Amino acid sequence: MPHNAGCLCGAVRITIDADPLAARMCWCRLCQYLGGGSATVNVCFPTDHVATTGEVRWHDSVADSGNAMKRGFCPTCGTPLFSMAESRPHLTFIRAGALDNSSLIGPQAEIWTDAAPDWAHHDPDLPHYPAQIPPVA
């Protein structure tokens, strides 16, 4: 610790002074948009341990689960960085690809597998869930 993350162009930098709480691979339709067609891998950290420098632009949406979401990205290079559910402001999900050490933690489960495209490859060593599972904390 600390863990660091950021965008492709370097305009946004993130410092996290806590270990990850969990990581999940998400196949919901919104994550497929964010992942360019594939799933996203999202690493959960306590919000009060995440500090950001640089401008982050936010997009509000409603997830397939019905949760109101805020998704943060770099307005310069477009790198997806964050997801936050308004119902769980104490948790911040950072895209695994934004972490400087993208091997920090791998997915512990695949969620929203029923929304995955037919060509999706699912890791047989992970538990699979057809939709949303209970929150991390």
Side-chain angles (χ1 to χ4, degrees):
M1 269 197 311
H3 307 293
N4 297 295
C7 64
L8 177 65
C9 72
V12 177
R13 293 298 299 158
I14 305 161
T15 302
I16 310 118
D17 67 358
D19 285 326
L21 300 173
R24 297 175 178 163
M25 180 180 292
C26 183
W27 284 101
C28 80
R29 189 63 185 108
L30 293 178
C31 279
Q32 290 177 50
Y33 282 109
L34 293 169
S38 63
T40 61
V41 177
N42 306 293
V43 182
C44 182
F45 294 96
T47 298
D48 60 351
H49 291 269
V50 177
T52 304
T53 59
E55 180 186 359
V56 174
R57 183 130 339 129
W58 295 92
H59 174 73
D60 296 334
S61 63
V62 176
D64 292 344
S65 64
N67 288 319
M69 302 293 295
K70 297 181 73 62
R71 302 189 193 271
F73 62 96
C74 173
T76 302
C77 67
T79 301
L81 299 166
F82 301 105
S83 284
M84 299 179 74
E86 289 183 8
S87 62
R88 293 182 298 283
H90 62 288
L91 301 176
T92 296
F93 289 85
I94 298 176
R95 304 282 179 254
L99 293 168
D100 290 354
N101 176 7
S102 59
S103 295
L104 176 63
I105 184 173
Q108 299 161 319
E110 290 189 41
I111 62 174
W112 289 97
T113 55
D114 279 2
D118 292 340
W119 53 261
H121 174 76
H122 300 285
D123 186 335
D125 295 331
L126 294 177
H128 302 125
Y129 300 92
Q132 186 67 36
I133 59 177
V136 172

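Computed from a predicted structure; not experimentally measured.
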* Asked: Does a sphere of radius 6.0 Å around CD1 in I133 hold more than 12 heavy atoms from other residues, nucleotides or ligands, not counting ones at 6.0 Å or beyond?
  -> yes
* Would the number of heavy atoms belonging to other residues, nucleotides or ligands and lying under 6.0 Å from NE2 of H90 be above 12? -> yes
pair [X]-[Y]: side-chain heavy atoms closer than 4.5 Å:
| X | Y | result |
| --- | --- | --- |
| T79 | F73 | no |
| V136 | R88 | no |
| C7 | T76 | no |

Shortest non-hydrogen contact from [X] to [Y]?
| X | Y | value |
| --- | --- | --- |
| L21 | F45 | CD1-C, 4.2 Å |
| S38 | W119 | CA-CH2, 4.3 Å |
| C77 | L8 | SG-N, 3.7 Å |
| C26 | N42 | CB-ND2, 3.8 Å |
| W27 | H121 | CZ2-O, 4.1 Å |
| A39 | M25 | CB-CG, 3.5 Å |

If you group Ile, Leu, Val, Met, Phe, Trp and Tyr by side-chain heavy-atom gaps below 4.5 Å, do [X] and [Y] land in one group?
| X | Y | value |
| --- | --- | --- |
| F82 | I105 | yes |
| M69 | Y33 | no |
| V50 | F93 | no |
| V41 | M84 | no |

If you round to the nearest 0.5 Å, how far is [atom2] of [Y] from [atom1] of [X]?
| X | Y | atom1 | atom2 | result |
| --- | --- | --- | --- | --- |
| I111 | C31 | CD1 | SG | 7.0 Å |
| S102 | R95 | OG | CZ | 15.0 Å |
| N67 | S61 | CG | OG | 10.0 Å |
| Q132 | W112 | CD | CH2 | 6.5 Å |
| L81 | R57 | CG | CZ | 12.5 Å |
| T47 | L91 | OG1 | CG | 6.0 Å |

* To do: Quick one: do V43 and L99 satisfy side chain to side chain contact (heavy atoms under 4.5 Å, CB included)? Show the steps, please.
  => CA-CA 9 Å; V43 182; L99 293 168; 3.9 Å; yes
* To do: Output yes when a side-chain donor or acceptor of E110 lies under 3.5 Å from a complementary backbone atom of D123, and no otherwise.
  => yes
* Asked: Can you check whether P107's main-chain N or O pairs, donor with acceptor, with R24's side chain at less than 3.5 Å?
  -> no
* What residue among N101, T15, D19 forms side chain to side chain donor-acceptor pair (under 3.5 Å) with H3? -> D19
